[in-house]
Chemist: 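Here it is: the structure, laid out below.
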Amino acid sequence: MDRIARRSAAIILLVVLLLGGLGFFVVEYFMDAHQWVMTEGSPHVYNGTNIGCGVVTDRDGAVLLDMDGERTYASDPGLRASTLHWLGDRYGYISAPAVSTYAQQMAGFDPVSGLYSYSGSGTTTLTLSAQVQMAALEAMGDNKGTVAVYNYKTGEIICAVSTPTYDPDDPPQITQENEAEFEGVYVNRFTRSAYVPGSIFKIVTMAAALEEIPDIREQTFVCTGSYAYPTDPVTCEYAHGTLDLDSALAQSCNCAFASIVDQLGPETLERYVRKYGVTAPVSFDGITTVAGNFDVTDAGVDQIAWSGIGQHKDQINPCAYLTFLGAIANGGAPVQPYVVSQVTCGPKVTYEASATVGEHIMDPQIAQELQKMMENNVAEKYGVENFPDMTVCAKSGTAQSDNKGSNALFAGFVADEELPLAFIVVVEEGGYGRLACVPIISKVLAVCKDVMGS
Amino acid sequence: MDQMVDSLQGMDSAFVGVFLAVMRFVAPVLVLMILWRCCKPLLTFRPEPEIWAWLVMKDGKKIPVLHWENVIGQHKRSDILIDFPTVSRNHAVLTRYDDGSWTITDTDSKNGVFVNGKRIRIHALEEEDEISIGGVEMTLQPISKQQVERLGQLRTKASSGMESIANLLVLSIFQALTCIAFLFTSQSVVPILAGFGGIMALQWALLVFYLIIRRPAFEVETVAFLLCTMGMAAICSVKPEESVKQLVALCMGIVVFLLVGWSMRDLERAKKMRYVAAVGGILLLAVTLVFGKEYYGAKNWLVIGPMSIQPSELAKVCFVYVGASAMDRLLDKRNLITFIVYTLVVCGCLALMNDFGTALIFFFAFLMIAYMRSGSIGTIALAVTALGFAGITALNIAPHALKRFSSWRHIWDDPLGAGYQQTRALMCIGSGGIFGLGIGQGWMKNLFAADSDMVFATLSEEWGLIVPVLLVLAIMALALFTVRSSAVSRSSFYTIGACTAATILVVQTMFNVLGTLDVLPLTGVTFPFVSNGGSSMICAWGLLAFVKAADTRQNASFAVRSGKWRRQDG
């Protein structure tokens with residue numbers, strides 16, 4: 001009997017095993033629970049692939065989306081459509097990485113309280129302005145493309161609209177007939193597309209020339225409408241005649257730029273493309289933009305020239321190019337863009353964005369010279385009257401792509417201390433950059449000026 | 001009543017919010033308090049041996065006889081150690097019967113057992129009989145009725161009636177607060193009131209019954225009722241419409257608890273009952289095999305009219321009963337072989353049913369019984385049986401359980417497929433934190449088996465991690481109590497019964513909880529008392545009867561006879 005009684009101690013072994021397993025879990029809990037809770041699909045944080053708790057507002061506190069339960073979007077259909085690519089839809093077709101990235105800060109998880117909130121749910125404040133977004137969408141009309149404005153001093157993205165878009169409260173039935181109309185509707189073109197830049201790329205070539213070719217400022221260029229190479233010539237639409245450097249940029253003379261590229265050589269140009277970060281992806285708020293492209297390997301001399309003019313194999317991402325323009329405006333130092341300015345959980349601020357200023361990518365003096373040239377572009381070509389009460393510096397582009405109409409591009413910035421905004425507009429198949437884009441950005445900048453109170 | 005419910009549901013939402021928020025902290029405190037009050041006496045009582053007789057040696061030395069079965073021999077772990085060269089290691093067994101009579105049996109000793117000069121194999125002892133064990137002479141002196149009563153009074157007291165009432169009052173307060181919280185947050189008024197009200201009525205009725213029969217110790221039962229209350233909380237949150245069904249199962253469980261306990265009051269009765277249990281267990285499984293329905297891969301359900309039961313759960317109680325008594329009382333080889341054959345039949349039935357989870361539990365129960373039984377005999381036979389059992393189990397695993405093993409510790413690789421249930425469980429446990437999201441505020445109700453296989457996560461999400469962890473600790477406390485009470489157990493039947501029952505409770509808890517948490521593979525066994533499931537509830541209470549039968553504290557257990565002295569001669 002005594003022996004049998006002693007064998008009952010085997011139960012202690014089982015109890016120890018159970019206790020050990022439970023202890024193992026408790027350790028796991030304190031180490032990993034934040035990951036479990038924030039994993040996509042976590043019932044109290046996510047609604048499908050999109051975050052499912054808290055409220056998203058614009059820079060002025062206007063509620064764009066209440067994510068609890070069924071997701072309630074803003075009451076204005078235009079606002080709903082213009083912010084769709086930042087907020088995501090109800091069905092997970094469009095994901096909203098910027099908002100989801102701060103799920104933990106918004107949900108306010110900690111291992112002791114879990115997601116229990118003592119003072120209401122979280123709020124994410126975006127840098128976007130509802131008014132500018134709506135104005136930008138309206139200005140884009142039925143065009144496909146993107147229009148974006150960001151503060152090159154702070155990095156705040158004031159506006160970034162991607163079209164086509166739709167009202168998440170009234171999603172379209174996409175069929176074979178209207179497929180073309182909604183091509184790429186689920187993609188945020190600002191961050192997830194790469195376009196052939198066309199002549200807006202001449203800013204890069206010009207910057208490289210100013211840095212590399214000592215007498216470039218004294219050079220003049222004679223344009224006969226064609227710049228001969230042993231293979232194919234580089235051509236302009238018409239003969240520009242004799243041009244100084246400023247006019248070469250203002251007139252966007254391909255022949256002049258072919259001459260400049262010849263002087264630079266492909267290696268030097270490539271080095272500057274890399275130095276300026278024109279094709280590198282930009283990362284912020286859990287978003288990494290697609291990479292651009294600049295490739296002159298095995299290119300013929302004329303192809304190298306076209307590369308310096310923003311054709312050939314060149315591709316830029318609108319967000320990355322916007323950052324490059326911001327660097328020129330900011331005296332050569334790029335400021336990383338961002339879209340989430342603040343996250344709160346109850347009264348507690350759990351995330352606060354701040355400006356991330358990068359290393360100088362170009363000499364302040366070069367940046368200054370480029371600014372002047374781009375300001376001259378507006379005076380000579382685009383019309384200062386389109387931008388009342390602001391000093392706009394810009395460059396347009398018309399990018400030929402193989403089988404479609406030309407894409408219209410327009411990129412630049414406002415060189416005013418009180419309105420430090422860089423911008424980029426892409427209108428797919430919009431034809432001439434100036435004609436398609438200037439009216440759009442003119443309206444958008446006017447609203448920006450209103451909103452920013454200057 | 002209606003008015004009260006209406007006024008509860010019409011409460012100001014701010015008040016409801018505050019109430020639920022306060023409950024997040026009050027609940028773990030109350031649960032801890034109940035467990036502390038109940039488990040402390042269970043784990044700290046002084047295990048005092050009971051003296052049933054004295055062996056008086058020639059030189060007048062008296063050796064106390066502490067159990068109902070006592071091995072006499074030279075082995076240092078003998079109950080009665082006689083260190084003399086002519087005494088075999090296991091020489092004889094001295095056995096007491098319910099009526100107070102004693103027998104002595106020779107267990108194949110070298111030099112034999114002599115009573116009044118005659119070599120015997122088994123002999124019913126009379127007073128003044130001269131016993132000679134390997135030449136060592138002695139007489140047996142059973143204690144008198146007065147001595148029994150005196151000893152009984154001196155024994156460590158279990159909780160008094162007042163303590164039991166106080167413990168149950170704390171539990172009732174906890175249940176009332178829980179019920180109110182559910183009424184605030186749920187529309188299922190009747191099931192909630194019936195569920196919690198029913199448990200409260202049952203627990204008080206049982207305590208009153210105990211007080212009437214003067215067995216006031218109620219710690220083990222209070223712990224069980226607490227576990228049932230938390231199970232009811234999971235049901236009210238997940239499937240309130242099933243609360244009454246679970247309450248009926250609880251009722252039946254208590255009836256089984258009382259019946260099994262009563263059958264063990266008397267060892268002779270228990271010996272007869274074991275045949276009923278053996279046949280009953282096989283019948284339950286056989287009927288399931290023939291008429292059973294297959295759900296989720298295992299053909300282990302029996303549907304009778306509106307009821308569906310899992311007979312394999314009930315078979316567990318029978319198995320423990322048979323296992324504990326299979327050896328008769330004399331460590332006999334023949335009985336062991338019978339039990340091995342019985343085990344093989346049972347596991348064969350389970351293999352045919354494809355019931356992997358239950359087979360696993362039976363396997364652990366068998367191992368425990370085998371370990372406790374196998375001292376010097378039958379070890380090899382047991383090992384072989386264990387191997388056969390494992391083999392059949394392994395074959396059984398292959399089709400539908402293998403999938404679970406492949407996702408074990410890899411649930412995040414396939415969070416929408418094989419790992420869906422457990423990843424959701426972990427997400428919800430994390431969301432609940434230590435104190436929970438609040439009663440009725442969980443998401444787990446959307447998950448399959450949230451109130452059974454996944455009940456730990458369901459409770460953790462709403463009540464916080466502390467409460468379900470305390471429930472696991474409660475099961476551990478019951479098991480440790482069993483170990484402590486084993487030392488002073490009267491008969492190996494009670495010890496083995498209690499230890500096997502405790503093993504099943506711990507192993508089920510282990511596979512259920514650690515399976516949910518992906519520490520072990522998910523096997524789909526139930527959390528005793530907590531998981532929603534009638535058969536499982538009845539089984540848990542049936543097993544608790546074995547734990548209760550080993551509680552020899554003064555006036556502690558209805559399943560233990562005490563203070564009553566019955567002799568054939570008067």
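Residue numbering restarts at 1 for every chain, and letters A, B, ... go by the order of the sequence lines.
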Chemist: From A/L115 CG over to B/Q441 CD, what is the distance, rounded to the nearest 0.5 angstrom?
Modeler: 13.0 Å
Chemist: Considering only heavy atoms and a distance below 4.5 Å, find which of A/Y29, A/F109, A/W36 pairs most often with chain B.
Modeler: A/W36
Chemist: Between chain A and each of B/V506, B/L416, B/L426, count heavy-atom pairs under 4.5 Å; write down the option with the most.
Modeler: B/L426
Chemist: If I measure from the heavy atoms of chain A, does B/S78 come under 4.5 Å with its side chain, its backbone, both, or neither?
Modeler: both
Chemist: Identify which of A/V26, A/T39, A/I12 forms the greatest number of heavy-atom pairs closer than 4.5 Å to chain B.
Modeler: A/T39
Chemist: Please identify, among B/D79, B/V519, B/T495, the residue contributing the most non-hydrogen atom pairs under 4.5 Å to chain A.
Modeler: B/D79
Chemist: Looking at B/I496, B/L473, B/I429, which has the largest count of heavy-atom pairs under 4.5 Å with chain A?
Modeler: B/I429
Chemist: Would you say CZ of A/R90 has more than 12 non-hydrogen atoms from neighbouring residues, nucleotides or ligands within 6.0 angstrom?
Modeler: yes
Chemist: Do B/S491 and B/E69 pair up side chain to side chain, a donor and an acceptor below 3.5 Å, judged on atom types alone?
Modeler: yes
Chemist: Are any non-hydrogen side-chain atoms of B/M372 and B/C499 less than 4.5 angstrom apart?
Modeler: yes
Chemist: Check each atom of B/F364 against the heavy atoms of chain A and say whether the ones under 4.5 Å are side chain, backbone, both or neither.
Modeler: side chain
Chemist: Is chain A contacted by the side chain of B/A487, its backbone, both, or neither, given a heavy-atom distance below 4.5 Å?
Modeler: backbone
Chemist: With respect to chain A, which residue among B/L437, B/L514, B/V472 yields the maximal number of heavy-atom pairs within a distance under 4.5 Å?
Modeler: B/L437
Chemist: Between B/V507, B/L465, B/T509, which has the largest tally of heavy atom pairs under 4.5 Å with chain A?
Modeler: B/L465
Chemist: Can you tell me how far apart CG (B/N70) and OG1 (B/T95) are? Round to the nearest 0.5 Å.
Modeler: 7.5 Å
Chemist: Stepwise, does the side chain to side chain contact (heavy atoms under 4.5 Å, CB included) test hold for B/L471 with B/L459?
Modeler: CA-CA 10 Å; B/L471 301 185; B/L459 291 175; 3.9 Å; yes
Chemist: Under 4.5 Å from any heavy atom of chain A, what part of B/M368 do you find: side chain, backbone, both or neither?
Modeler: side chain
Chemist: Would a 4.5 Å heavy-atom cut-off, applied to side chains only, mark A/M106 and A/S100 as touching?
Modeler: no
Chemist: Please classify the contact between A/E28 and chain B as side chain, backbone, both or neither, with a heavy-atom cut-off of under 4.5 Å.
Modeler: side chain
Chemist: If you tally heavy-atom pairs under 4.5 Å against chain B, which of A/S42, A/A5, A/A33 wins?
Modeler: A/S42
Chemist: Please round to the nearest 0.5 Å and tell me the distance separating atom CE of A/M38 and atom OH of A/Y46.
Modeler: 7.5 Å
Chemist: Kindly assign one of parallel, tilted or perpendicular to the pair A/Y93 and A/Y186, based on the angle between their ring planes and the thresholds 30° and 60°.
Modeler: parallel
Chemist: Out of B/L517, B/V513, B/N446, B/I475, return the one with the most heavy atom pairs under 4.5 angstrom to chain A.
Modeler: B/L517
